[in-house]
Undergrad: 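Quick one: this structure, given as structure tokens, is what I'll be asking you about.
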Amino acid sequence: VQLVESGGGLVQAGGSLRLSCTASGFTLDYYHIGWFRQAPGKEREGVSCISSSGGSTNYADSVKGRFTISRDNAKNTVYLEMNSLKPEDTAVYYCAARFGQAKCVPSYFVSWGQGTQVTVSS
């Protein structure tokens, strides 16, 4: 089971990025996927999660209305569209998978990618 994140980078405040999480070695279709982030000196936190069907999503209050999670099972990829980025969104973003829906907290997820850095300048 391998997850690979991509799409991070440096962007000015107010800008946008789209992160991708692609699976290799397995099919994402039956997995609940989450995006998490960890800023320096802070604990890893849940950003957004999506059910295997894509029919259920949830978001951290801090990103509601700005971030959108989606999935394309045909491409074996989950996306995180991030708009109106703020400096406080700066962090390493990780995607993670678990079989079966669960709360969008890191401890419930067992398979993790290596992360992609997102830096938002003011």
Undergrad: Do any pairs count as a salt bridge (charged side-chain N to carboxylate O under 4.0 Å, His left out) and have a residue in residues 46-64, sequence neighbours left out, and if so which ones?
TA: Asp61-Lys64
Undergrad: Pro106 and Gly46: which non-hydrogen atoms are nearest, and at how many Å?
TA: CD-N, 4.4 Å
Undergrad: Measuring from atom CG of Asn76 to atom OG of Ser20, what distance do you get when rounded to the nearest 0.5 angstrom?
TA: 12.0 Å
Undergrad: Which atoms form the tightest heavy-atom contact between Leu3 and Ala23, and what is the distance?
TA: CD2-CB, 3.9 Å
Undergrad: Measure the OG-CG distance between Ser53 and Asn73 for me, rounded to the nearest 0.5 Å.
TA: 8.5 Å
Undergrad: Any idea which heavy atoms bring Leu17 and Leu85 closest together, and the distance?
TA: N-CD1, 3.9 Å
Undergrad: Test Gln114 against Glu5 for side-chain contact (heavy atoms from CB on, under 4.5 Å), laying out the working first.
TA: CA-CA 7 Å; Gln114 83 290 347; Glu5 303 94 337; 3.0 Å; yes
Undergrad: Tell me the disulfide (SG to SG under 2.5 Å) pairs involving residues 87-122, sequence neighbours left out?
TA: Cys21-Cys95, Cys49-Cys104
Undergrad: Who are the side-chain hydrogen bond (donor to acceptor under 3.5 Å, both in side chains) partners of Thr119, not counting sequence neighbours?
TA: Gln117
Undergrad: Do any pairs count as a salt bridge (charged side-chain N to carboxylate O under 4.0 Å, His left out) and have a residue in residues 67-86, sequence neighbours left out, and if so which ones?
TA: none
Undergrad: Shortest non-hydrogen contact from Thr116 to Gly8?
TA: OG1-N, 3.2 Å
Undergrad: For Trp112, what are the other residues in its hydrophobic cluster, where any two members join if their side-chain heavy atoms are less than 4.5 angstrom apart?
TA: Phe36, Val92, Tyr94, Val105, Tyr108, Phe109
Undergrad: Restricting to pairs with a member in residues 34-43, which pass side-chain hydrogen bond (donor to acceptor under 3.5 Å, both in side chains), not counting sequence neighbours?
TA: Arg37-Glu45, Arg37-Ser62, Arg37-Asp89, Arg37-Tyr93, Gln38-Arg44
Undergrad: According to side-chain hydrogen bond (donor to acceptor under 3.5 Å, both in side chains), who are the partners of Thr77, at least two apart in sequence or on a separate chain?
TA: Thr22
Undergrad: With salt bridge (charged side-chain N to carboxylate O under 4.0 Å, His left out) as the rule and sequence neighbours excluded, what pairs involving residues 90-108 come up?
TA: none
Undergrad: Does Asn83 have any side-chain hydrogen bond (donor to acceptor under 3.5 Å, both in side chains) partners at least two apart in sequence or in another chain, and if so, which?
TA: Ser16
Undergrad: Tell me, please, which residues at least two apart from Ser121 pass side-chain hydrogen bond (donor to acceptor under 3.5 Å, both in side chains).
TA: none
Undergrad: Can you list every ring-ring contact (aromatic ring centres under 6.0 Å, His included) pair that touches residues 44-85, not counting sequence neighbours?
TA: none
Undergrad: Any idea which heavy atoms bring Val47 and Leu80 closest together, and the distance?
TA: CG1-CD2, 4.2 Å
Undergrad: Taking distance alone, no hydrogens or angles, what donor-acceptor pairs closer than 3.5 Å link side-chain atoms of residues 25-33 to residues at least two apart or in another chain?
TA:
unit_1	atom_1	unit_2	atom_2	d
His32	ND1	Ile50	O	3.0
His32	NE2	Ala102	O	3.4

